[in-house]
Visitor: 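First the structure, which I've put down as structure tokens, then a few questions once you've had a look.
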Amino acid sequence: MSKKGNEHAVTPQSEDFSAWYNELVVRAELADRGPAKGTMVIRPYGYAIWELLQKELDTRIKATGHQNAYFPLFIPESYLTREADHVEGFAPELAVVTHAGGKKLEEALVVRPTSETIIGEMFSKWISSYRDLPLLINQWANVVRWELRPRLFLRTTEFLWHEVHTAHADEADAMRETMVGLATYVDVATNIAAMPVVSGEKTAGERFAGADKTFSIEGMMRDGRALQAGTSHYLGTSFAKAFDIQYADETGGRTLCHTASWGMSTRMIGGIIMTHGDDKGLVLPPRLAPYQVVIVPLGKAELLETTTAAAQQVAAELRAVGVRVHVDLRVNLSPGFKYNDWEMKGVPVRLEIGGRDLEAGVATMALRISEDGKLAVPLAELVAKIPVVLEDFQEFLLARATAFREEHTTPVDDWEAFVEAVTTGWALVLHCGRPECEDDIKEVTKATPRNVPLGGKAETGTCVRCGQPSAYGQRIIFGRAY
RNA sequence: CGGGAUGUAGCUCAGCCUGGUAGAGCACCGCGUUUGGGACGCGGGGGUCGUCGGUUCGAAUCCGGCCAUCCCGACCA
């Protein structure tokens, strides 16, 4: 019996999406705010999600030939300034160490906001011949960007990520690598996070600082806003020039490398929250759920001992087939409290085992989201059934999120419809590609170009805003973004 | 950096207007009763009231400075 307006519930999404998000992150015990502005403590439950995501990414990164390494947190300030666009883009958000060991440093050290520069410096030492290429490196690290407006997971001062940095003999190979990164993100977002994404190229105004081309995956959150969930960059030869990354080709000539980089961060967790969560709390895709199944034994005294033993038995059987299971043994809490608690934490499947269940030889199964209510499942069938239920739930979440995105994506050709479309989702439009027109649109509607979707249907015409000829030969996505 | 708000117990907040030396709910600890959708009783522990200064016999309360955090924008993964 839930008390209305009770302090247990989270603010409804429809009332205040931002409040819903902030409360959920804390209530589901994913993270806490750190004492310094913009810092985040990732709690065990949230970190477990990150570890699962990490494992999926790391496996794919290694499978495509990359090796893990680790580079320093501190970068000499002068490195950042070697690539003009790069320093211009990152200067405003750098944390700089000027004093250490009790005295002023000869040269200030920047806490890495990303590692192109220091890795570029090392690449120049490691690469001398075409035989050294391609060089494919990944690092798991923390980075610091002094953001003006932090939000847990979405934009914290310090965040965790992986960053792949590669050097290649020519543009074609570096571009191929850039696309490997993008494809990896599409795969992980879609098949692991159940987050449908649109992959495409960023417009010039939205490019990574120092990149020739930037590609992104964009997911739609349940408030209709876009989340850039991963980026992959073709960096051309600009970092190779800045850090002297050259190789001797087959004829002995000295040639600049073409480099690429791609990264995905703990922001993904924010994306998962906002893609699947509802007013009861978090909803986790099974592949990223620390606990895919939680079993709540019911009853008291001897009965509780019996149901607990049965729960442990079921748990052991499920673990044997690779299911992540947790048995809720807390004795001081009522069943109702536990149900709400696990729903807040987004556990996909809950099994209740009480006296009535055992008499009937079943467990009562409740999915985190279901129209069918609770189902009685014979104990003997659980081992066969649960993995299927989890797979179905994973697919259900992806299908549901995909349908949501499609319902909130509108091709529009006139300005009025555009303004309307970006208040609830994305607009697919023809655009002139001029940065000043992008700025104008942003000022009026807060919407920005998300990306130029790969594989978009060829289409010509005039810009939805200014009427000049469209620049991309196809429609591009505009939306409000995180 | 603009706009708004807030700092009092672990959390959410009341008390401040009208100065008299700190409260509630939840959480926590103990005991007992409970346990199929957010249990209850009794007892208990816990706060230099963000900070510095001023006014006053006396400041959580009045006045001023400072600091910090949160929310909305600009910047951004």
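In the text below, chain A, chain B and the rest are named by the order of the sequence lines, each starting its count at 1. Just the heavy atoms: all of them, side chains too, but no hydrogens, waters or symmetry mates, feed the values below.
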Visitor: Listed by chain and number, what are the salt bridge (Lys or Arg N to Asp or Glu O under 4.0 Å) partners of A:R155, not counting sequence neighbours?
Guide: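 Testing A:R155 for salt bridge (Lys or Arg N to Asp or Glu O under 4.0 Å), a comparison that skips the adjacent residues, returns none.
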Visitor: How close or far is atom P of B:C70 from atom OH of A:Y21, stated in whole angstroms?
Guide: 14 Å
Visitor: Just by modelled atom types, is the A:G277 backbone N or O under 3.5 Å from a matching donor or acceptor in the A:Q13 side chain?
Guide: yes
Visitor: For nucleotides B:G7 and B:G15, find the distance between their C1' atoms and express it as a whole number of Å.
Guide: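 Comparing C1' positions in B:G7 and B:G15 gives a spacing of 15 Å.
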Visitor: Once salt bridge (Lys or Arg N to Asp or Glu O under 4.0 Å) is applied, do any residues pair with A:E438, and if so which ones, sequence neighbours excluded?
Guide: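 Partners of A:E438 by the salt bridge (Lys or Arg N to Asp or Glu O under 4.0 Å) criterion come out as none, since no residue qualifies.
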Visitor: Taking any strand in view, what nucleotide pairs with B:A59 in a Watson-Crick or G-U wobble way, both distances under 3.5 Å?
Guide: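 For B:A59, the partner nucleotide comes out as none, under the 3.5 Å rule.
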Visitor: Considering only atom P, compute the distance from B:C42 to B:U51 and round it to an integer number of Å.
Guide: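 The same atom, P, in both gives a distance of 35 Å.
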Visitor: For A:R330 and B:C28, what is the distance between atoms CZ and C1' respectively, to the nearest whole Å?
Guide: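 Between C1' of B:C28 and CZ of A:R330: 15 Å.
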Visitor: Please give the nucleotide sitting opposite B:U35 as a Watson-Crick or G-U wobble pair, both distances under 3.5 Å, or none.
Guide: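 For B:U35, the partner nucleotide comes out as none, under the 3.5 Å rule.
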Visitor: In whole Å, what separates the P atom of B:G54 from that of B:A5?
Guide: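 It works out to 29 Å between them.
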Visitor: Examine A:R465 relative to A:W415 and say whether NZ or CZ is less than 6.0 Å from the centre of the six-membered ring and inside a 45° cone about the ring axis.
Guide: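 So A:R465 does make the cation-pi contact.
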Visitor: Calculate the interatomic distance between A:D32 atom CG and B:U69 atom P; express it in whole Å.
Guide: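 After rounding, the gap between these two atoms is 16 Å.
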Visitor: Could you identify the nucleotide paired to B:C28, looking across every strand shown and requiring Watson-Crick or G-U wobble geometry with both distances under 3.5 Å?
Guide: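 When the pairing criteria are applied, B:G44 turns out to be the nucleotide that pairs with B:C28.
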Visitor: Under 3.5 Å for both donor-acceptor distances, Watson-Crick or wobble: does B:C76 have a partner, and if so which one?
Guide: none
Visitor: Using the ring pair (Phe, Tyr, Trp, His ring centres under 6.0 Å) rule, collect all pairs that involve residues 197-227 of chain A, keeping only residues at least two apart or in two chains.
Guide: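 The answer is A:H86-A:F208, A:F90-A:F208, A:F208-A:H233.
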Visitor: In whole angstrom, give me the gap between the P atoms of B:C16 and B:G20.
Guide: 9 Å
Visitor: Roughly, in whole Å, what's the span from NZ in A:K37 to C1' in B:A68?
Guide: 10 Å
Visitor: Who are the ring pair (Phe, Tyr, Trp, His ring centres under 6.0 Å) partners of A:W342, not counting sequence neighbours?
Guide: A:Y291, A:H326
Visitor: If pairing requires Watson-Crick or G-U wobble contacts with both distances under 3.5 Å, which nucleotide is the partner of B:A14?
Guide: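 Across all strands, not a single nucleotide pairs with B:A14.
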Visitor: Of all residues at least two apart in sequence or in a different chain, which pass the salt bridge (Lys or Arg N to Asp or Glu O under 4.0 Å) check with A:E371?
Guide: none
Visitor: Do any pairs count as a ring pair (Phe, Tyr, Trp, His ring centres under 6.0 Å) and have a residue in residues 351-377 of chain A, sequence neighbours left out, and if so which ones?
Guide: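 Matches after skipping sequence neighbours: none remain.
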Visitor: When all nucleic acid strands are considered with a 4.0 Å heavy-atom cut-off, which category describes A:E218: base, sugar-phosphate, or nothing?
Guide: nothing
Visitor: With 3.5 Å as the limit, what N/O pairs link the protein to nucleotides 75-77 of chain B?
Guide:
{"residue": "B:C75", "atom": "OP1", "partner": "A:K442", "partner atom": "NZ", "Å": "3.2"}
{"residue": "B:C75", "atom": "OP2", "partner": "A:K442", "partner atom": "NZ", "Å": "2.5"}
{"residue": "B:C76", "atom": "O2'", "partner": "A:E147", "partner atom": "OE2", "Å": "2.9"}
{"residue": "B:C76", "atom": "O2", "partner": "A:R155", "partner atom": "NE", "Å": "2.7"}
{"residue": "B:C76", "atom": "N3", "partner": "A:R155", "partner atom": "NE", "Å": "3.1"}
{"residue": "B:A77", "atom": "O3'", "partner": "A:Q228", "partner atom": "O", "Å": "3.2"}
{"residue": "B:A77", "atom": "O3'", "partner": "A:Q228", "partner atom": "NE2", "Å": "2.9"}
{"residue": "B:A77", "atom": "O3'", "partner": "A:R267", "partner atom": "NH1", "Å": "3.3"}
{"residue": "B:A77", "atom": "O2'", "partner": "A:R267", "partner atom": "NE", "Å": "2.6"}
{"residue": "B:A77", "atom": "O2'", "partner": "A:R267", "partner atom": "NH1", "Å": "2.3"}
{"residue": "B:A77", "atom": "O2'", "partner": "A:R267", "partner atom": "NH2", "Å": "3.3"}
{"residue": "B:A77", "atom": "N7", "partner": "A:E147", "partner atom": "OE2", "Å": "3.4"}
{"residue": "B:A77", "atom": "N6", "partner": "A:T156", "partner atom": "O", "Å": "2.6"}
{"residue": "B:A77", "atom": "N3", "partner": "A:S265", "partner atom": "OG", "Å": "3.4"}

Visitor: Determine the interatomic distance between C1' on B:C66 and the same-named atom on B:C29; round to the nearest Å.
Guide: 39 Å
Visitor: Could you let me know what B:U69 is paired to, Watson-Crick or G-U wobble, both distances under 3.5 Å, or none if it's on its own?
Guide: B:A5
Visitor: What's the CZ-C1' distance between A:R151 and B:G73, to the nearest Å?
Guide: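 The distance from CZ of A:R151 to C1' of B:G73 comes to 13 Å, rounded to the nearest Å.
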Visitor: Tell me which nucleotide, if any, is Watson-Crick or G-U wobble paired with B:U21 when both distances must be under 3.5 Å.
Guide: none
Visitor: Regarding A:R145 and the six-membered ring of A:F159, is the cationic atom NZ or CZ under 6.0 Å from the ring centre and inside 45° of its axis?
Guide: no
Visitor: How far, in whole Å, is B:U48 from B:A22 if one measures between their P atoms?
Guide: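 Going atom to atom, P in each nucleotide, I get 12 Å.
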Visitor: For nucleotides 30-36 of chain B, print each protein N/O atom paired with a nucleotide N/O atom at under 3.5 Å, atom names and distance only.
Guide:
{"residue": "B:U35", "atom": "OP2", "partner": "A:K300", "partner atom": "NZ", "Å": "2.6"}
{"residue": "B:G36", "atom": "O6", "partner": "A:G354", "partner atom": "O", "Å": "3.3"}
{"residue": "B:G36", "atom": "O6", "partner": "A:G355", "partner atom": "N", "Å": "2.7"}
{"residue": "B:G36", "atom": "O6", "partner": "A:R356", "partner atom": "N", "Å": "2.5"}
{"residue": "B:G36", "atom": "O6", "partner": "A:D357", "partner atom": "N", "Å": "3.4"}
{"residue": "B:G36", "atom": "N1", "partner": "A:D357", "partner atom": "OD2", "Å": "2.5"}
{"residue": "B:G36", "atom": "N2", "partner": "A:D357", "partner atom": "OD2", "Å": "3.0"}
{"residue": "B:G36", "atom": "N2", "partner": "A:T364", "partner atom": "OG1", "Å": "3.3"}

Visitor: With sequence neighbours excluded, what pairs up with A:Y70 under the side chain to side chain donor-acceptor pair (under 3.5 Å) test?
Guide: A:R112
Visitor: With sequence neighbours excluded, what pairs up with A:F153 under the ring pair (Phe, Tyr, Trp, His ring centres under 6.0 Å) test?
Guide: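 Checked A:F153 against ring pair (Phe, Tyr, Trp, His ring centres under 6.0 Å); zero matches.
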Visitor: Mind running a 4.0 Å heavy-atom check of residues 270-282 of chain A against RNA chain B and sending the residues that fall below it, in number order?
Guide: none
Visitor: B:C49 pairs with which nucleotide, Watson-Crick or G-U wobble, both distances below 3.5 Å?
Guide: none
Visitor: Taking only the C1' atom of each, what is the distance from B:U35 to B:G45 in whole angstrom?
Guide: 27 Å
Visitor: A:H162 vs A:W140 aromatic rings, parallel, tilted or perpendicular, using cut-offs 30° and 60°?
Guide: tilted
Visitor: List the residues meeting ring pair (Phe, Tyr, Trp, His ring centres under 6.0 Å) with A:Y79, not counting sequence neighbours, and say none if there are none.
Guide: A:F243
Visitor: Between B:C67 and B:C31, how many Å separate the two P atoms, rounded to a whole number?
Guide: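 50 Å, rounded to whole Å.
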